[in-house]
Peer 1: 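Below you will find the structure I want to go over with you.
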Amino acid sequence: MSENRILAGYEPASVLNFFEDICAIPHVSGDEKAIADYIENFARERGLSCYRDHVHNVFIKLPASAGHESAPAVMLQGHTDMVGEKTADSDHDFATDGLKLRVSEDGWISATDTTLGGDDGIAVAMMLAILDSPPEPHPAIECLFTVSEETGLEGAWAFDPKAAGATARTMINLDSEAEGVLTAGCSGGMRTDITVPVTCEPAEGVAVKITLDGFTGGHSGVEIHEGHTNAIKAMGRILSALTEPYDFSLISVSGGGKDNAIPRDCTVTLDLRDTAHTEDFARAVTVEAEKLRSEPNMIPADKTFTCTIEILPDAPVPAMDDKTTYAILSLLTLVRDGVLSMSAYVRGLVAHSRNLGIIQTLTDGEGKSNAVKFSMSTRSASGNHLDDSERELSALAAVLGGEATHRARYPGWDYAPVSPLRDLWTKVSEEIYGVTPRIEVIHAGLECGILCDKLGEMDIISVGPDMKDIHTPREMLSIPSVERTYRLVCETIRRLA
Ligand SMILES: [Zn+2]
């Protein structure tokens, strides 16, 4: 090992040596060919059986130690791609440049001005170190290196276990970011778009624009139970309270930016036909917004949201007719959003949730509104829940003259009440470090869900060393935590023999 290797002298030397090699090879999502070449080359040099597919997933098999051939094989799995984020003033080119590593006094590795890709380069490094010098004795070990996890779990989707010759029924996924936590399940999900056709008529009154902004937003999976206000639903609530006293129709509506992020803003423009009561109407909007703000259930960070009301200068624009307005306002009220049900067997776990993430007014070539589109993401580990959600949303759309399309459905990994691997990892952790891992099930998608669905009955855990601020240029990976985690992985494999 040359002296200018930043990680030389740290333990576990073999893992960190492979990690430093990986950091020198550009490998952001979608650009995994070079790292796949490196891994394939590694297998060739050692005479290991290696399968590589068209998307550059790599699968390597190591036979069991002599005398342990009858022990069931174990699969190790991690993804080769990393998220490429850099500081605003960095000139780093993720397509060509290696990362500039550094180590803090207390043993955290980071990369100057960029993400580190500890997520999930450290899994790749651990797998290579194990294949290079496996714990003895060991069962047959199958290592799966997947691509493009960060951009849609695409490697896991493309992986063909039959073609690869995968046989293991036990899998350790190495894509978690907290030592002492064992992930034992994840949700599946799907995207739904509801489109409502728009019929227009000439506007008759005053155009009023209402904007709600400044909500905190958040992740539509892991933060869905934290009470963050959905700006689109909040707008629906205000408008539906005003339909009785006032006569108005919608001109346009838009809000949110991603179906998997809780929306932070929503804007509507409407045609207020009671032109004599414009001021009253504006006051009524404010009263409704303040009612929302005074909700005891609104989290403090959301209470600083803003509600702006503008009377637009008269311009003869077409407005949506009453039937369309009714359909849109009804959908805003009726699409169930947030936590739909809690798990019966994991305390505090959201089982089924939905996030109405985007609303858009679509226009034709001449800029005339022709449809309003609602985009949402529904999550659950249970396929039955997702089936229910499909039927619910299709029925709701049909009743209101719209149409629902469901796409990008992916399977979850349901918590298994019995898991010998989970028990073994717990026992090894208690024996070596006196630590009982915290078992978590997450309400977001992981590769494990797709792999579990493909491989059939699998006993899976997901673990990993401590990382901080992943997917940002502040990303850090703890060397002492890598050392402890690696020892647990090796000892668990040894006992599986
Ligand atoms: Zn990851």
Side-chain angles (χ1 to χ4, degrees), residues 15 18-19 22-23 25-32 35-36 39 55-59 75-86 94 99 108-111 114-129 143-159 171-189 219-223 260-261 379 410-413 440-452 460-478 481-482 485-486 489:
V15 175
F18 284 119
F19 184 68
I22 291 162
C23 290
I25 305 168
H27 61 280
V28 291
S29 307
D31 188 17
E32 298 96 345
I35 193 166
I39 296 167
V55 298
H56 303 303
N57 287 320
V58 183
F59 183 76
M75 189 185 295
L76 306 178
Q77 188 260 323
H79 60 93
T80 52
D81 63 312
M82 66 177 278
V83 170
E85 286 290 328
K86 57 183 184 178
F94 281 105
L99 306 175
W108 289 90
I109 313 174
S110 58
T114 66
T115 35
L116 172 69
D119 170 16
D120 198 15
I122 198 61
V124 176
M126 285 199 261
M127 289 192 280
L128 294 177
C143 289
L144 173 58
F145 306 81
T146 47
V147 298
S148 299
E149 187 270 350
E150 303 286 4
T151 46
L153 314 173
E154 287 143 29
W157 277 117
F159 181 62
M171 182 175 104
I172 303 175
N173 164 282
L174 298 165
D175 191 21
S176 285
E177 292 100 27
E179 187 188 341
V181 174
L182 182 159
T183 303
C186 72
S187 76
H219 188 283
S220 70
V222 294
E223 291 177 301
N260 61 357
R379 295 173 192 264
Y410 58 97
W413 161 33
E440 282 187 1
V441 180
I442 66 163
H443 194 57
L446 295 175
E447 289 175 301
C448 300
I450 294 162
L451 294 172
C452 184
I460 305 178
I461 61 170
S462 174
V463 293
D466 284 336
M467 291 181 219
K468 285 195 233 175
D469 296 325
I470 59 163
H471 304 182
T472 77
R474 299 182 306 280
E475 182 183 354
M476 284 193 273
L477 168 66
S478 161
S481 183
V482 169
T485 304
Y486 185 63
V489 173

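The first residue in the sequence is number 1, and the count goes up from there. Both ligands and their constituent atoms are indexed starting at 1 by order of listing.
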Peer 1: Not counting sequence neighbours, which residues clear salt bridge (Lys or Arg N to Asp or Glu O under 4.0 Å) with Glu179? List them please.
Peer 2: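 In terms of salt bridge (Lys or Arg N to Asp or Glu O under 4.0 Å), with neighbours along the sequence ignored, Glu179 is linked to Arg484.
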Peer 1: Tell me every residue that passes salt bridge (Lys or Arg N to Asp or Glu O under 4.0 Å) with Glu440, counting only those two or more places apart in sequence or in another chain.
Peer 2: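 Result, salt bridge (Lys or Arg N to Asp or Glu O under 4.0 Å) vs Glu440: Arg438.
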Peer 1: Which of the N/O/S atoms in Asp175 sits closest to the Zn ion (ligand 1)?
Peer 2: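 It is OD1, the N, O or S atom of Asp175 closest to the Zn ion (ligand 1).
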Peer 1: Going through the distances and angles, do Asn173 and Ser462 end up as a side-chain hydrogen bond (donor to acceptor under 3.5 Å, both in side chains)?
Peer 2: CA-CA 4 Å; Asn173 164 282; Ser462 174; 2.7 Å; yes
Peer 1: Please name the atom of Asp119, restricted to N, O or S, that is closest to the Zn ion (ligand 1).
Peer 2: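 When I compare the N, O and S atoms of Asp119, OD1 is nearest to the Zn ion (ligand 1).
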Peer 1: Of the backbone and side-chain N, O or S atoms of Glu149, does one lie nearer to the Zn ion (ligand 1) than 2.8 Å?
Peer 2: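 Short answer: no, not a single N, O or S atom is under the cut-off.
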Peer 1: Which of these, Glu32, Gln77, Glu154, sits in a side-chain hydrogen bond (donor to acceptor under 3.5 Å, both in side chains) with Thr146?
Peer 2: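 Only one option passes, and that is Gln77.
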